[in-house]
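Contents: one structure, followed by commentary.
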Amino acid sequence: MSLKAEIIGIGTELLLGQIVNTNARDISERLSSLGIDVLYHTAVGDNPGRIDAVFRTALQRSDLIITTGGLGPTLDDLTKERVAEVLGLPLELRAAELETLQSRFTRRGIEMPPNNIKQAMFPSGSLVIPNHNGTAPGVIVELGRQSIVILPGPPREIRPMLEETVLPYLARKAGDSPAVIKSRVLKLCGIGESAAEEVIRDILLAQSNPTIAPLAGSEMTFRITAKAGNAAAAREMIDAMEAKVRARLGKYIYGTDSDTLEEVVGRLLREKNLTLGLAESCTGGLIASRITAIAGCSDYFLSGVVSYSNTAKVEVLRVPATIIADYGAVSSETAKAMAHGIRQVSGAAIGLSVTGIAGPGGATPTKPLGLVYFGLATPENLQAEAHQFSGDRTTVRTRAAHQALVLLWNYLQK
Ligand code: ATP
């Protein structure tokens, strides 16, 4: 029988709308890949009475309770204290944990504030979840068939704690006892979520171990998760699943795990000894910003021009004024002329341009909001293509910048 899980986000910030409960999403996604059913997400502020009430309710209905947040050193960090109180377990100081904590401070040349001592206190009989990225370790309390997993708030601390300790623990608890759980994320571009899912529908329906699941987020991604006796076996299972998916969607898969499109594009430019110049209108430098976020991009990125006005397009990029007059600034002809212009002006092998209507104003009956033209000038060719994006100004700009990188990636693939 599968475990019924509940995730409790603790922190007033969540209720004030200051932060989004991405921990609940991330943890749910990982639990479902283990076949654990998450039945409730709850959020509660830093209030002892309400934390107790939410926790008591969870104890009545869930086999597995995972809390996030409230493990810090300050007075309003209450999670461990409340859980221990509700369960009637005394908190005890663990010498080894205190030492680890103290040495973290010593390494940074700081004396540990006395407040932090409470981060080395744990409910009696509980297991410690090491946290290599912060001061607050997590806790596992076992209570008959129930388990309570207490994690800190920051996502960058939680993720490794899940991988290294919590997921293997839960997999054992869920009935199978794999030594390792490994996963790999496949990142796609140039295809929408439903289209991608449709192409591998049968694989998604037939999955068991490894599992494969689409991930929420701004990009199309699939996560493959394998449970196995050792890391090599898990990797082999993942490789086999990846090969199956690649056989159908390979031309859309630009990378895995922490790869980003700008990184992959940069790698290809370097490998092929090509350089890039950018001419951006409606994206206002967003593409250049992503390209230059990659260390070492000076190997291949020469220059980017934000040519917002028609005059700038003409004077800086040498777009013939007649092209703008005849076809408009948002047109495939202008996009091509901009790409050609930046290629000439920068001396780069590839010129990439964007011109479009990000909104909310500026649309005409023939040129609707969200219409964006991309120009690509290469040693072989000068081409343009149009895309229609939906969403507000920020969304259109972000999507257009992403599409420009997709276009570049497609060209570099060839
Ligand atoms: P710390 O040891 O850093 O004080 P903590 O365990 O006390 O951590 P909180 O103080 O509750 O955690 O939260 C710290 C930060 O972690 C928040 O400011 C927020 O950025 C992030 N965070 C907390 N809860 C969530 C959540 N549910 N989803 C996403 N991020 C969160």
Side-chain angles (χ1 to χ4, degrees), residues 5-32 38-52 54-55 57-58 62 64-86 91 93-94 97-108 110-123 126-141 148-167 215-218:
E6 170 154 2
I7 300 167
I8 307 178
I10 298 175
T12 306
E13 281 172 296
L14 286 166
L15 301 183
L16 291 175
Q18 290 168 345
I19 55 171
V20 179
N21 196 353
T22 56
N23 287 341
R25 181 194 67 190
D26 293 348
I27 297 170
S28 286
E29 189 246 309
R30 304 313 311 278
L31 293 186
S32 72
V38 178
L39 300 189
Y40 302 95
H41 281 182
T42 341
V44 63
D46 303 310
N47 170 285
R50 288 190 285 271
I51 293 176
D52 290 3
V54 163
F55 188 61
T57 306
S62 305
L64 168 65
I65 303 167
I66 300 187
T67 70
T68 72
L71 289 188
T74 61
L75 276 180
D76 63 359
D77 290 309
L78 297 165
T79 309
K80 261 185 322 198
E81 289 77 358
R82 294 328 307 160
V83 169
E85 173 82 23
V86 171
L91 282 171
L93 186 69
R94 302 259 172 103
E97 296 310 320
L98 185 61
E99 210 168 293
T100 310
L101 197 59
Q102 257 157 350
S103 63
R104 277 188 79 87
F105 282 91
T106 313
R107 270 203 306 277
R108 288 160 53 201
I110 311 169
E111 196 169 326
M112 188 177 92
N115 284 354
N116 283 82
I117 292 179
K118 77 176 201 154
Q119 295 186 304
M121 311 268 300
F122 294 88
S126 61
L127 311 166
V128 173
I129 308 169
N131 178 359
H132 304 295
N133 300 292
T135 54
V139 189
I140 297 176
V141 183
I148 296 121
V149 176
I150 302 173
L151 296 169
R156 57 173 283 281
E157 295 178 23
I158 291 186
R159 280 184 213 118
M161 294 168 87
L162 284 174
E163 294 308 318
E164 290 159 19
T165 312
V166 180
L167 297 178
L215 278 183
S218 57

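Atoms within a ligand are numbered from 1 in the order they appear, just like the ligands themselves.
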>> Any nitrogen or oxygen of L71 lying under 3.5 Å from a nitrogen or oxygen in ligand 1? Just yes or no.
In response: yes

Judged by non-hydrogen atoms, does D46 sit under 4.0 Å from ligand 1?
no

Are I10 and T68 packed together at the side-chain level, in the sense that at least one heavy-atom pair is separated by less than 4.5 angstrom?
no

Checklist entry - Quick one: does L127's side chain get under 4.5 Å of V139's, heavy atoms only? => result no

for atom 8 (O) of ligand 1, nearest protein heavy atom and its distance come out as P154 CD, 3.6 Å

Separation between CZ (R82) and CG (D77), nearest 0.5 Å, reads 13.5 Å

heavy-atom search around atom 9 (P) of ligand 1 in the protein gives G70 N, 3.8 Å

Measure the shortest side-chain to side-chain distance between I7 and V38 over non-hydrogen atoms and say whether it is less than 4.5 angstrom. yes

Under 4.0 Å, counting heavy atoms only: does G134 come that close to any atom of ligand 1?
no

Q.
Looking only at distances, can you tell me whether any N or O atom of P152, backbone or side chain, sits closer than 3.5 Å to an N or O atom of ligand 1?
A. no

For the residue pair N133 and E157, confirm or rule out a side-chain donor-acceptor distance under 3.5 Å. no

The protein heavy atom nearest to atom 1 (P) of ligand 1 is G72 CA, 4.0 Å

(message) Under 3.5 Å between any N/O of T135 and any N/O of ligand 1: does that happen in this structure?
(response) no

Taking only non-hydrogen atoms of N21 and a 4.0 Å limit, the atoms of ligand 1 in range are 26 (C), 27 (N), 28 (N)

When rounded to the nearest 0.5 Å, the distance separating CG of N21 from CD1 of I19 is 7.5 Å

Checklist entry - ligand 1 and E13, any nitrogen or oxygen pair closer than 3.5 angstrom? => result yes

shortest atom 22 (N) of ligand 1-to-protein heavy-atom contact is with G153 O, 3.3 Å

Going by the 4.0 angstrom heavy-atom rule, the piece of D77 near ligand 1 is side chain

For I19, the ligand 1 atoms with a heavy-atom partner under 4.0 Å come out as 19 (C), 22 (N), 23 (C), 24 (N), 25 (C), 31 (C)

Rounded to the nearest 0.5 angstrom, the OG1-CD distance for T22 and E29 is 12.0 Å

Using a cut-off of 6.0 Å, state whether more than 12 heavy atoms not belonging to L75 lie near its atom CG.
-> no

Logged contact type for V20 with ligand 1, heavy-atom cut-off 4.0 Å, is backbone

Cation-pi, F105 ring and R107 (6.0 angstrom, 45 degrees) = no

For T22, the atoms of ligand 1 under 4.0 Å from one of its heavy atoms are 28 (N), 29 (C)

Checklist entry - Would you say ligand 1 has an N or O under 3.5 Å from any N or O of L14? => result no

Numbered in order shown, the ligand 1 atoms found under 4.0 Å of a heavy atom of T68 are 27 (N)

**Asked** Is the shortest N/O to N/O distance between A24 and ligand 1 below 3.5 Å?
**Response** no

To the nearest 0.5 Å, atom CD of E97 lies from atom CG of N131 at 10.5 Å

Would you say G69 and ligand 1 have an N/O pair spaced under 3.5 Å apart? no

* Asked: Is a donor on one side and an acceptor on the other found under 3.5 Å between the side chain of K118 and the backbone of T74?
  -> yes

- Task: Count the heavy atoms of every other residue, nucleotide or ligand shown that sit under 6.0 Å from CD of E111, and state whether that count exceeds 12.
- Result: no

among protein heavy atoms, the one nearest atom 26 (C) of ligand 1 is N23 ND2, 3.0 Å

